[in-house]
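Below you'll find the structure I mean.
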Amino acid sequence: AQKITQTQPGMFVQEKEAVTLDCTYDTSDPSYGLFWYKQPSSGEMIFLIYQGSYDQQNATEGRYSLNFQKARKSANLVISASQLGDSAMYFCAMRESYGQNFVFGPGTRLSVLP
Amino acid sequence: DVKVTQSSRYLVKRTGEKVFLECVQDMDHENMFWYRQDPGLGLRLIYFSYDVKMKEKGDIPEGYSVSREKKERFSLILESASTNQTSMYLCASSFLERGSNEKLFFGSGTQLSVL
């Protein structure tokens, strides 16, 4: 069974608007971490934001915030004030406490329109 | 600045060739990983290693092997390359801490084409 689901293969957003990229996950481990990575066309994977399962508040990093709804097992990435440079693939990933592995979703391709 | 370096950005090989993909990290990370990335499938784990000479199979180890003789270097080996191994290969590393927020650091990837 897929542990990380990203239901939006592609998304479009107008420059300067906010966009939400969906991520749902599946785990029975009470302790886990959720990560978002950005992959521009150049190919490198850039870490954006982290949310721990016990964190009380939603994580924020500049224009990125994570809408963490633990009961629903969702960890959506919100990008505010989109920029052209935000056009990229975005991957949601999870790391469970009992393993060293990171499990990735299939990704969402975001295109920011001028 | 953390660096994970993959030896080649692009590689073209013939079916049946033995292929070596090299990865070196300079952060003294215990964990190292090899993923392959295919459109619509995201990143899938091939092998990982949490210590020198240690290796663990990931989700798709068939057709691959790995070598970790030194802490900073993790090699992926395709014993006999096949066309279905054409893919983007990503190496990553992290510290060994369970349940922590230690993130993965990635190399820039190797796009392998097997003809």
Side-chain angles (χ1 to χ4, degrees), chain A residues 1-10 21 23-25 27 29-55 59 61 64 66 68 75 88-109, chain B residues 1-6 8-11 23 27 29-51 54-61 74 87-112:
Chain A
Q2 196 158 17
K3 287 199 166 185
I4 300 284
T5 303
Q6 294 179 255
T7 57
Q8 307 151 314
L21 306 184
C23 172
T24 57
Y25 59 92
T27 181
D29 188 350
S31 177
Y32 52 89
L34 296 157
F35 303 78
W36 276 92
Y37 283 85
K38 171 185 177 181
Q39 187 183 43
S41 56
S42 54
E44 79 271 27
M45 295 282 280
I46 301 166
F47 166 75
L48 294 178
I49 197 166
Y50 164 83
Q51 179 84 42
S53 59
Y54 293 119
D55 292 345
E61 289 283 352
Y64 304 108
L66 203 151
F68 182 46
M89 281 291 287
Y90 288 81
F91 291 97
C92 179
M94 177 175 65
R95 184 188 193 190
E96 293 161 318
S97 67
Y98 56 77
Q100 298 298 320
N101 185 21
F102 291 69
V103 178
F104 286 82
T108 295
R109 181 171 296 282
Chain B
D1 230 14
V2 175
K3 268 209 117 162
V4 180
T5 304
Q6 293 184 231
S8 305
R9 185 71 179 93
Y10 298 97
L11 213 50
C23 176
M27 267 296 288
H29 285 161
E30 293 88 356
N31 292 341
M32 295 190 75
F33 305 80
W34 276 106
Y35 289 90
R36 66 175 279 176
Q37 180 182 1
D38 301 288
L41 297 177
L43 279 69
R44 292 179 293 164
L45 182 67
I46 305 171
Y47 268 96
F48 70 99
S49 167
Y50 53 88
D51 201 353
M54 304 301 288
K55 60 184 179 185
E56 295 282 345
K57 291 181 180 179
D59 300 318
I60 50 164
F74 192 36
S87 186
M88 169 71 85
Y89 290 87
L90 289 164
C91 176
S93 68
S94 75
F95 285 114
L96 180 82
E97 282 191 36
R98 293 183 187 278
S100 79
N101 64 348
E102 287 295 338
K103 58 184 180 283
L104 280 176
F105 293 86
F106 283 88
S108 52
T110 296
Q111 180 62 52
L112 173 67

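Just so you know, these numbers use all the heavy atoms, side chains as well, and skip hydrogens, waters and symmetry mates. What you see is a predicted model; the values in this text were computed from it and never measured. Letters go in sequence order (proteins before strands), and every chain restarts at 1.
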How about A:F104 and B:Y35: are their ring centres within less than 6.0 Å of each other? yes

Counting N and O atoms only, with roles assigned by atom type, does the side chain of B:E56 sit under 3.5 Å from a partner on the main chain of B:F48, one being a donor and the other an acceptor? no

Answer with side chain, backbone, both or neither: which region of A:Q39 has an atom nearer than 4.5 Å to a non-hydrogen atom of chain B? side chain

Need one label for A:S53: side chain, backbone, both or neither, based on atoms under 4.5 Å from any heavy atom in chain B. neither

Using side chain to side chain donor-acceptor pair (under 3.5 Å) as the criterion, list what pairs up with B:Y89, not counting sequence neighbours. B:Y64

Is B:L45 close to chain A through its backbone or its side chain, or both, or neither, when contacts mean heavy atoms under 4.5 Å? side chain

Which residues satisfy the side-chain contact (heavy atoms from CB on, under 4.5 Å) test with B:S108, sequence neighbours excluded? B:R9

Which atoms of A:Y32 approach chain B - backbone, side chain, both or neither, heavy atom under 4.5 Å: neither

